[in-house]
Amino acid sequence: MSKRVVLAYSGGLDTSIAVRWLIENHGAEVICVAVDVGQSAESSGEDWEEIRQRAFAAGAVEATVIDARTEMAEEYCVPAIFANARYEGKYPLVSALSRPVIVKHLVAEARRHGADTVAHGCTGKGNDQVRFEVGTHSLAPDLDVIAPARVWGMTREDSIEYAAKWDIPIGQTKTKIYSIDENLWGRAIECGAIEDPWATAPDEPYTLTRVTTTESDEITISFDSGVPVAVDGRSLSVADIIDEVGRRAGATGYGRIDMVENRRVGIKSREVYECPGALALITAHADLEDLCLERDLHHEKARIEPRWAELVYDGMWFSPLKNSIDAFVAESQRHVTGDVRLRLDPPGVLRIEGRRSPFALYDHDLATYDASDTFRHEDAEGFVRLWGLGVATWAAKQGRDIPCGSA
Ligand code: ARG
């Protein structure tokens, strides 16, 4: 019986020749699964049916396209918003968020087709191989994984030749300079001149953050228990909110990130990202939390957020620690309800102009310095004395020994 392999298929050069390579090297029956995680059609210039047909042309016995845009938004981007997730304080996990979505569908398709193996087109230097494989094994420890691009040892020219030899139709891949991964949450761009961390990143690969307006924009985003639910008072799906906020923020040039990051596999890498929707939504959400979260909860959550981002970056989406942190973070969102008003000024400046919530812990009468003040000033004196009692005692008994101690 021949081996059945479910391949994560993008329609690009590598995954297209991987189909033939799996047939030739493993005698496999290859089932291609392309997952739509909200990548824009214009970036590849292709539609999903063309991608399916290419899979068949490459030799696949079956090719399926799965629409996971809503799933990506609601089950992956929403928890990332809850966690204000930015790896190393910067990168909102674009690729890292989409891999578990894809993995989930690969495993489901493997089960449906009675396949014993899944395959992906990642190389051995990146994080995505980690996410595909660790993710697959955390859902289905029994499945084998094959990574053709990690073992075939072909250069890009070899790959193009291989495609030609097997009559695999490939797009305009010859002049490809950058490696780009895209989904609803944004775009990740690597290679070419970006590989020199001192060089200014080229402008050319950006598509979502080109300044196309001279006008400022103001966007009011409404959240309900941490979930974005409306833009300027219009209720929309989360996916459509990410789209609309991304489009409007991107038009003012907002949303670029240029960073040197630590990959899981030990390599430091200079990459650039454009994530106007993700960054605007996280910024707005975090601001609303400032208004609604009690201090200790807020501070503890801020300590846990980087860990969540790290786990997701490292391919641990389906893991017990990630699940447990999710439970904490989800509970914290109970009262994160309200509106945040963003202002965007080209080129690329975002400011929060206002926020409001029915659950705001901001109490004007406590905070104000005017006549409506209800704060009990007399309570402060004793509180401050006790707060400082320990250090005052220390200063009296021991403070002499340090240079700035009492005279
Ligand atoms: N460095 C980012 C990450 O690990 C982006 C990876 C992008 N992948 C790609 N095939 N271009 O999440």
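Counting starts at 1 for both ligands and their atoms, in listed order. In what follows, residues are counted from 1 in the order of the sequence shown. It should be emphasised that the depicted structure is a prediction, and the values quoted were computed from it without experimental measurement.
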When you check the gap from the basic side-chain N to the acidic O, do Asp240 and Arg69 get nearer than 4.0 Å? yes
Would you mind running through ligand 1 and noting each atom that sits below 4.0 Å from a heavy atom of Ala188? 5 (C), 7 (C)
To check your reading of the model: name the closest protein heavy atom to atom 6 (C) of ligand 1, its residue, and the distance in Å. Ser95 OG, 3.6 Å
Can you find a side-chain donor-acceptor pair between His105 and Glu71 that sits under 3.5 Å? yes
Pair Glu215, Thr213: side-chain N/O donor-acceptor within cut-off below 3.5 Å: no
Just jot down the ligand 1 atoms closer than 4.0 angstrom to any heavy atom of Glu271, in number order. 1 (N), 2 (C), 5 (C)
Using a 4.0 Å heavy-atom threshold (strictly under), name the region of Asp128 that reaches ligand 1: side chain, backbone, both or neither. side chain
For Arg263, is the nearest heavy atom under 4.0 Å from an atom of ligand 1? no
Should you measure from each heavy atom of Tyr91, which atoms of ligand 1 turn up under 4.0 Å away? 2 (C), 3 (C), 5 (C), 12 (O)
Under 4.0 Å between heavy atoms, the region of Tyr273 that gets near ligand 1 turns out to be side chain
Quick one: nearest non-hydrogen protein atom to atom 9 (C) of ligand 1, plus distance? Glu190 OE2, 3.1 Å
Which of parallel (below 30°), tilted (30 to 60°) and perpendicular (above 60°) describes Tyr87 and Tyr313? parallel
Atoms of ligand 1, numbered as shown, that sit under 4.0 Å from any heavy atom of Ser179: 9 (C), 10 (N), 11 (N)
For ligand 1, does Arg131 get within less than 4.0 Å through its side chain, its backbone, both, or neither, judged by non-hydrogen atoms? side chain
Considering heavy atoms of the protein only, find what lies nearest to atom 4 (O) of ligand 1 and give residue, atom and distance to 0.1 Å. Asn127 ND2, 2.7 Å
Verify whether one side chain among Trp308 and Asn84 offers a donor that lies under 3.5 Å from an acceptor in the other. no
Which of Lys176, Arg263, Lys125 passes salt bridge (charged side-chain N to carboxylate O under 4.0 Å, His left out) with Glu190? It is Arg263
Can a donor-acceptor pair be found between the side chains of Gln333 and His285 at a distance below 3.5 Å? yes
Are any of the side-chain nitrogens in Arg247 or Asp217 under 4.0 Å away from the carboxylate oxygens of its partner? no
